[in-house]
Amino acid sequence: MIIEALDVPWVVLLSMDSFYKVLTKQQQEQAASNDFNFDHPDAFDFDLIIATLKKLKQGKSVKIPIYDFTTHSRKKEWKTLYGANVIIFEGIMAFADKELLKLLDLKIFVDTDSDIRLVRRLRRDISERGRDIEGVIKQYNKFVKPAFDQYIQPTMRLADIVVPRGSGNTVAIDLIVQHVHSQLEERELSVRAALASAHQCHPLPQTLSVLKSTPQVRGMHTIIRNKETSRDEFIFYSKRLMRLLIEHALSLLPFQSCTVQTPQGQDYEGRTYSGKQITGVSILRAGETMEPALRAVCKDVRIGTILIQTNCNTGEPELHYLRLPKDISEDHVILMDCTVLMAVRVLLDHDVPEDKIFLLSLLMAEMGVHSVAYAFPRVKIITTAVDKKVNDLFRIIPGIGNFGDRYFGTDAPPDWSDDEDALST
């Protein structure tokens, strides 16, 4: 009910029930005869819970164990969760660990009459977990009720909000939802204020590298920015700029000295790439337009693909498809045109070091540059030009229009007046 009432994108529900410890053979035998105490803090893997919640709060993906309550064991499969705008963590021992408490921004205790708790447990364990009524009552009287009195009830004092009557208390749910919305608004305002301050008061970050504005480069920009330019000319000159952009990006990779011998038998003091491998990751659809340029100048380059689409109702980026080469964590990664913040986050989730990510975009706005540098201060940002302004919809001004639609010859939605693919963050 809280998730439905929040009505915000990217809400993750994390349950303590996924984090029961792996039982020994003796403990499994006890569990089979309802003689193992699952309602004790020691039954949960708090180290894994804390590590998981920390990563989620950092916006990283996590692997969550899947627990089988019929066999009292973890399954072989794990599920993946991504960091979100709101993380709801729930469980009977949610307040039982001091380190875990430090990670909780809002603590809610849901209180319900003991008779209702017993009826719910009987219904759940018999219908969903294949238990018999005698075993459920035995476990309840021996472990569940004493554990509640000793470990759960006393933690009510730690809660910021106590909700009596559970989901029937719509007033409490409304208050919780209002509080979460106010926190999201405060954080969004603080981030926007920080970006605005950086945009107004600070020079562009040192991680930014802009292609030198030669008469040739400026001439090509003149063509692709002109709304009267035909699609064929737009594609031709965009490709030329992309080739120059790729060449410029490769010149920023680490090189080391080396000596080779020429056909004349003479030594030549040269330079060679000192990394392990170069991988290009294109963001569909605009990013794939840079792939030919990268393949043309970088022999045997590996290519990965990410599909991120903006939700038309929420304006939030959503990950729809991901295919990355193996061992990408050891490579220098050239990230080509993107919904940048989420794309960088996906690479970080796959253990690519931040300082090995090279973000390439045909065009950027100053605020977009500051946004990337603010979120990822070690990512290298490379572009052919930086425009100073964005409009009220955060589209680049003067910009080049919607790059994807001009390149592929498709029509943009009426309200999508500027560039979806060149970064406007």
Side-chain angles (χ1 to χ4, degrees), residues 199 204 208-252 280-298 301 303 305 308 310 334-340 343 358-372 380-425:
H199 175 52
L204 290 169
L208 171 69
S209 181
V210 184
L211 194 65
K212 186 177 180 180
S213 184
T214 64
Q216 179 194 34
V217 169
R218 196 162 183 84
M220 286 186 280
H221 264 280
T222 302
I223 295 171
I224 68 171
R225 289 173 184 264
N226 187 348
K227 68 177 183 179
E228 302 299 333
T229 296
S230 67
R231 181 178 169 229
D232 286 345
E233 281 198 317
F234 183 84
I235 292 173
F236 180 82
Y237 289 103
S238 294
K239 284 184 174 180
R240 282 192 62 190
L241 274 172
M242 290 174 193
R243 177 71 173 258
L244 292 174
L245 183 63
I246 294 290
E247 295 277 12
H248 181 59
L250 294 178
S251 72
L252 301 176
V281 175
S282 61
I283 312 302
L284 300 174
R285 61 183 172 166
E288 63 183 326
T289 61
M290 285 192 185
E291 286 185 22
L294 181 60
R295 292 184 189 277
V297 300
C298 191
V301 66
I303 299 291
T305 303
I308 297 172
T310 300
I334 295 177
L335 187 59
M336 297 175 287
D337 258 276
C338 58
T339 309
V340 61
F358 289 67
L359 166 65
L360 272 62
S361 188
L362 199 63
L363 175 67
M364 298 185 75
E366 284 191 4
M367 182 172 285
V369 173
H370 284 299
S371 298
V372 177
K380 296 174 181 63
I381 308 164
I382 307 163
T383 185
T384 66
V386 177
D387 286 357
K388 287 187 173 296
K389 297 180 180 179
V390 294
N391 64 15
D392 292 340
L393 296 174
F394 292 95
R395 310 299 179 208
I396 301 175
I397 301 297
I400 58 176
N402 187 302
F403 177 86
D405 286 308
R406 294 187 70 187
Y407 192 99
F408 292 105
T410 53
D411 294 326
D415 60 342
W416 204 262
S417 58
D418 211 332
D419 191 1
E420 77 180 48
D421 301 305
L423 176 66
S424 56
T425 309

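In this chain, numbering begins with 1 at the start of the sequence shown. Atom set for the values below is all heavy atoms of this structure, side chains included, hydrogens, waters and symmetry mates excluded.
Atom CD1 of residue I235 and atom OG of residue S230 lie 9.0 Å apart, to the nearest 0.5 angstrom. In this structure, CD1 on I381 lies 11.0 Å from CG on L360, to the nearest 0.5 angstrom. Taken from NE2 in H370 to CG in L204, the straight-line distance is 5.0 Å, to the nearest 0.5 Å.
The side chain to side chain donor-acceptor pair (under 3.5 Å) test applied to S213 returns no partner, not counting sequence neighbours. Take Y407 and apply the ring pair (Phe, Tyr, Trp, His ring centres under 6.0 Å) test, not counting sequence neighbours, and it matches F403. Applying the side chain to side chain donor-acceptor pair (under 3.5 Å) rule to R225 yields the partners H221, D387; only residues at least two apart in sequence or on another chain are considered. Qualifying salt bridge (charged side-chain N to carboxylate O under 4.0 Å, His left out) partners for R231, counting only residues two or more places apart in sequence or in other chains: none.
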Show the atom names and distances, to 0.1 Å, of all donor-acceptor pairs under 3.5 Å that link a side chain in residues 238-250 to residues at least two apart or in another chain.
from	atom 1	to	atom 2	distance (Å)
S238	OG	F234	O	2.7
H248	NE2	S209	OG	2.7

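Listed here is the closest heavy atom pair of V217 and K212: CG2-O, 3.6 Å. In terms of heavy atoms, L294 sits closest to G280 at CD2-CA, 3.7 Å. Between V386 and T383 the shortest heavy-atom distance is CG2-CG2, 3.8 Å. Pairing each heavy atom of R406 with each of I400, the nearest pair is NH1-O, 2.8 Å.
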Derivation and outcome, side chain to side chain contact (heavy atoms under 4.5 Å, CB included), residues I303 and R295: CA-CA 9 Å; I303 299 291; R295 292 184 189 277; 3.3 Å; yes
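The backbone N or O of L362 sits less than 3.5 Å from a side-chain atom of T384, completing a donor-acceptor pair.
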